[in-house]
Amino acid sequence: MREKSQPVVESDKVVYVGILHSQSGAMSTSEASLQDAELMAIAEINATGGVLGKQIVPIVADGASKAKIFASEAKKLIESAQVATIFGGWTSASRKAVLPVVEQLNNLLWYPSQYEGLEASPNIFYTGSCPNQQIEPAVNWLLNNVGTKFYLLGSDHVYPRTANKIVKAQLKRFGGSCVGEEYAEIGANDFQEAIAQIKLAQPDVVFSSLNGESNLAFYQQYQEAGITAAEIPIMSVSISEEELQRLGANVPEGHYAAWSYFQTINTPKNQEFVANFQKKYGQQRAISDPIEAAYTAVYLWKQAVELAGSFATAKVRQAAIGLNLVAPVGKVTIEGNNHLWKPLRIGKIQQNGQFTLVWDSNRAIAPEPWLGIERLQAPTVPVIVDLLKEVSNGIEYSCQLEEKSRALEGLMAELIASNQQLRQTQQQLLAAEARNRELQQREKLLQHRLSSQIRDSLESDTIVNIAVNEIHDLLNIDCCLFLWYIRSAVPAYFQATQTVCDRTKPESCNESNSIEVVEVLGNRILETSWLAIDDLENSPNLDEISRLRLKNVRVKGLLAAPVHTRSGASGIVVCTHNQVRVWTDQEIEMLISVVEQLAIAIDQAKLYEESCTSAALAQAHAKQLQTTLEDLKQTQAQLVQTEKMSTLGQLVAGVAHEINNPVSFICGNLNYAKGYTQDLLDLVKLYQQHYPQPKPEIKDFIAQIELDFLLEDLPKTLSSMEIGSSRIHKLVTSLRNFSRRGQAKMQPFNLHEGIETTLLILSNRLKAQGSHPGIKIIKEYGELPPVDCYPSEINQVFMNLLGNAIDALEEKENLEDNQIFQPQIWIRTEVINGEKVQIHIGDNGPGISSERISQMFEPFFTTKPIGKGTGLGLSISHQIIVEKHQGKIECFSQPGEGTEFIIELPISQIHSNKESQCREAIA
């Protein structure tokens, strides 16, 4: 966000507003023009005196094409910059991210883009079109003028997916059909497969909701595929004059677009707007519907502020409702749901990148973001609206899951590439080994023996050890060493890693003397290919300083050669002898050859070590990805089931709560009503006793109301009401027990109460109905103590098992035809060893084969017909019992003889957890 040097607050002369668009990222190209329009409107308003005598100062912030950044920048604009309002947003994701911010901080967002509807925040004014103002009229026009077979193509985010659901519903209603539906990632540029599917499906029209740069690629490839607008036209609700301008000479002439605004609208207001915009930003600039909507939003805010006489959010919002403005698009009006009345126009693309009008609504269309539900006069409208909100949120969540899935696929692709690279590395290693073997074959038998032993190992320490031992034995010397040159140290030094001496001659083990020689001559050895000294004491090749330093060293003969690896490491092989030793050319050549092979072997060992490391990392990565994928599947399945049961619990708890209030009122007052009624009846009887002969009018009224029958029947009626209210109260109690709202933590629970509550809820399915004889429940309850558990989740397990048992019995009943069959469910509970409880739930249904029993608790596995079962109930039940309660659940069944589930739970979870910890410690 662009900060000011002075505190950014409302003053006597200026008022600050936020401009929040993407100046970076994938959406920056599309949003830049909206920011230009808003800044132009602000400049025009300032030129005419501003708002309420104040000049407008825009604070520009960058949403960076990311929803989270939009939210954080909006918060900064409101809290730090203290803006009076915000103009901005582009994608639905950015709007949904800013919505809770402006609602929480009580500010206003003016959102300029068309969107999917299913939203109406009091803190957002929607100046773009909603579906009934753009999508529905466009589909109707296509059905009447183009054809009935639609192919739906959109970008993979909330607006296109929601829009296409509306299109499909409209097609179904008016006799059209959807012959194909496909979504592309945001920013995708390869549509060859989609175009091939369009050719195969042969629709009458392609309905496109592609966004941004994807539009350009699709239209260009569509033309290259040879499909003309005359054959299969495209109707777009997202391509505008700006995108067409970027296509240059490849303008898709003849295709259609549906917008409220086109640059070619021939009205004085629009011509003035176009002229001013192009004068400010260039004559070649194209103007689109979102640009006009962004420009109009600033003027609507100005008008609302002036009508309110204040910049306060509540006053501006109240003043804005019902405002009229003659805008470039035509006359617009702000509806009570914060949306605009706007017209709809359909244009055909021309060669110059502009649109010629082919259809006009000729009137402003009322905004109906809730798909017309708001027109209904029914008490259920708020509930339906809440459900519709969840539809949009569900689509957004689905898009996020698909995005994560694509990211996972990308990681898998990286893993495959890594594996391929590993195979190439291994092939290179094998090729290097082959070259090494070829080189070794040229060596003498002695050298071949040495290289063969080196090649047997690919560990650097082992290789060096073999080389040093072989050199010591082959040259028959007193001592042989290998030292690494530690160049990175300050100062650098030599470090001995392998030393071999003649152990039969203790006096020959002169390792320290050999190291002292290297300290004196090491740098000289590294700079040459070899160094041979027959007699250190009398060698002419030594300078006086070196000779003096080596005077007291017992070493006489010295043969050394440097080892330089490709990785940059350096070392020295040093051969020393306690007596004067004349080194032959053959010995020198042998040492040079061995050193060269040693360097190659060390490089190979390093490469092999890196390959093994890469392979281990790749395998660990693959295992982690597989685990992540399995966790994602299980989490997704559990989320679906948990959400379903949570929704059911909330519904049950809500219904129970709403019923409980009036029932409690009735129950609480029924005794008073009985007493009052009895007093009145006693009073009537006293009147009859003391005034046996009432007046004629009273006699007639007594006869008319049948007083004797009333005196007899009224107490019975009140008793019946008392019985009924009591039954309702018990049902409400059962529903509340089942839902267990607010009991998310583990606590002692009466399992029998949970079973009885579940049976009460399922009682309708247990009763005899028509030819259905009813299900007999056999209970064998033991004396169970309260069990530590999550009550709502245990109730969910009971509901799953009993529901499955009822389904199985109904299935067998249908198979038995008219034969006598008495369906039964038996429930038995008992305590095991004083530490655990068992719950047996069995039935005499058709049973399950042994092959299927092994799959019973797997996610998405079901024995029910397609469309009836989700395959999640038993999987979730298994997780609840085993993972959350450290219990067991088993299934026993024989085909034709029924099925029994046995649940085993620890009575105390504290004791169970200690046992688990002990077992883990022992393991």
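Bear in mind that the values here come from a model prediction, so they are computed numbers and not experimental data.
Checking side-chain atoms of Asp190 against main-chain N and O of Gln192 turns up a donor-acceptor pair under 3.5 Å. The backbone N or O of Ile265 lies less than 3.5 Å from a partner atom in the side chain of Asn270, making a donor-acceptor pair. In terms of modelled atom types and a separation under 3.5 Å, the side chain of Gln197 and the main chain of Gly180 share no donor-acceptor contact. Between the Tyr281 side chain and the Asp36 main chain, a donor and an acceptor come within less than 3.5 Å of each other. Within the 3.5 Å criterion, the main-chain N or O of Ala188 finds a donor-acceptor partner in the side chain of Ser214. Remark: side-chain polar atoms of Asn46 are paired, donor with acceptor, to backbone N or O of Ile56 under 3.5 angstrom. Looking only at distances, no side-chain donor or acceptor of Asn324 sits under 3.5 Å from a matching main-chain atom of Thr333. In terms of modelled atom types and a separation under 3.5 Å, the side chain of Arg161 and the main chain of Asp156 share no donor-acceptor contact.
Side chain to side chain, Glu119 and Tyr126 meet the donor-acceptor criterion of an N or O pair below 3.5 Å. Side-chain contact of Glu31 with Ser22: a donor-acceptor pair under 3.5 Å is present, judged by distance alone. There is no side-chain donor-acceptor pair under 3.5 Å between Thr313 and Asn106. Using modelled atom types, one finds a donor on one side chain and an acceptor on the other under 3.5 Å when comparing Asn266 with Gln271. Checked by atom type, the side-chain pair Arg246/Thr29 shows no donor-acceptor distance below 3.5 Å. For Ser260 and Gln133, the side-chain atoms include no donor-acceptor pair closer than 3.5 Å. Judged by distance alone, the side chains of Asn189 and Gln221 never bring a donor and an acceptor atom under 3.5 Å apart. Between Ser92 and Glu116, the side chains place a donor N or O and an acceptor N or O closer than 3.5 Å (distance only, hydrogens not considered). Side-chain contact annotation: Tyr183 with Glu181, donor-acceptor N/O pair under 3.5 Å present.
With rounding to the nearest 0.5 Å, the separation of CD in Glu272 from CZ in Phe277 is 14.5 Å. Atom CG of Leu210 and atom CG of Leu216 lie 10.5 Å apart (nearest 0.5 Å). The structure places CD of Glu136 at 8.5 Å from SG of Cys130, a figure rounded to the nearest 0.5 Å. The OG atom of Ser72 sits 10.0 Å away from the CZ atom of Phe70 when rounded to the nearest 0.5 Å. Distance CD/Glu253 to CD/Gln351: 5.0 Å, rounded to 0.5 Å. To the nearest 0.5 angstrom, Ser177 atom OG is 13.0 Å from Lys172 atom NZ.
Residue Gln202 qualifies as enclosed at atom CD: its count of foreign heavy atoms under 6.0 Å is above 12. Counting non-hydrogen atoms of other residues, nucleotides and ligands closer than 6.0 Å to CD of Glu231 gives a total above 12. When the shell of 6.0 Å around NZ of Lys168 is examined, it contains more than 12 heavy atoms from other residues, nucleotides or ligands. Few gaps surround CD on Glu306; more than 12 heavy atoms of other groups in view lie less than 6.0 Å from it.
In terms of heavy-atom proximity, Ala201 sits nearest to Tyr151 at CB-CD1, 4.2 Å. Between Gln350 and Val251, the closest heavy-atom pair is O-CG1, 3.2 Å. Ile86 and Asn107 make their closest contact through N-OD1, 4.1 Å (heavy atoms, listed as atom of the first residue, atom of the second, distance). Minimum interatomic distance between Gln245 and Ala286 (heavy atoms only, all atoms of both residues): NE2-N, 3.7 Å.
A ring-centre distance under 6.0 Å is found for Tyr115 and His339. Taking the six-membered ring for Trp and the full ring otherwise, the centers of Trp141 and Tyr256 sit less than 6.0 Å from each other. Between Tyr111 and Phe125, the ring center distance fails the sub-6.0 Å criterion. Taking the six-membered ring for Trp and the full ring otherwise, Phe355 and Phe262 have centroids separated by under 6.0 Å.
Every residue was checked against the side-chain hydrogen bond (donor to acceptor under 3.5 Å, both in side chains) condition with Asn362, not counting sequence neighbours, and none meets it.
When Trp301, Trp110, Phe273 are each tested for a ring pair (Phe, Tyr, Trp, His ring centres under 6.0 Å) with Tyr295, only one passes: Phe273.
Note on residues 330-358: pairs passing salt bridge (charged side-chain N to carboxylate O under 4.0 Å, His left out), not counting sequence neighbours, are Arg345-Asp360.
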inquiry  = For His255 and Tyr222: C-alpha separation, side-chain torsions, deciding distance, then whether ring pair (Phe, Tyr, Trp, His ring centres under 6.0 Å) applies.
reply    = CA-CA 11 Å; His255 294 289; Tyr222 199 77; 5.7 Å; yes
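Looking only at side-chain heavy atoms (C-beta outward), Ile287 and Tyr261 come within less than 4.5 Å of each other.
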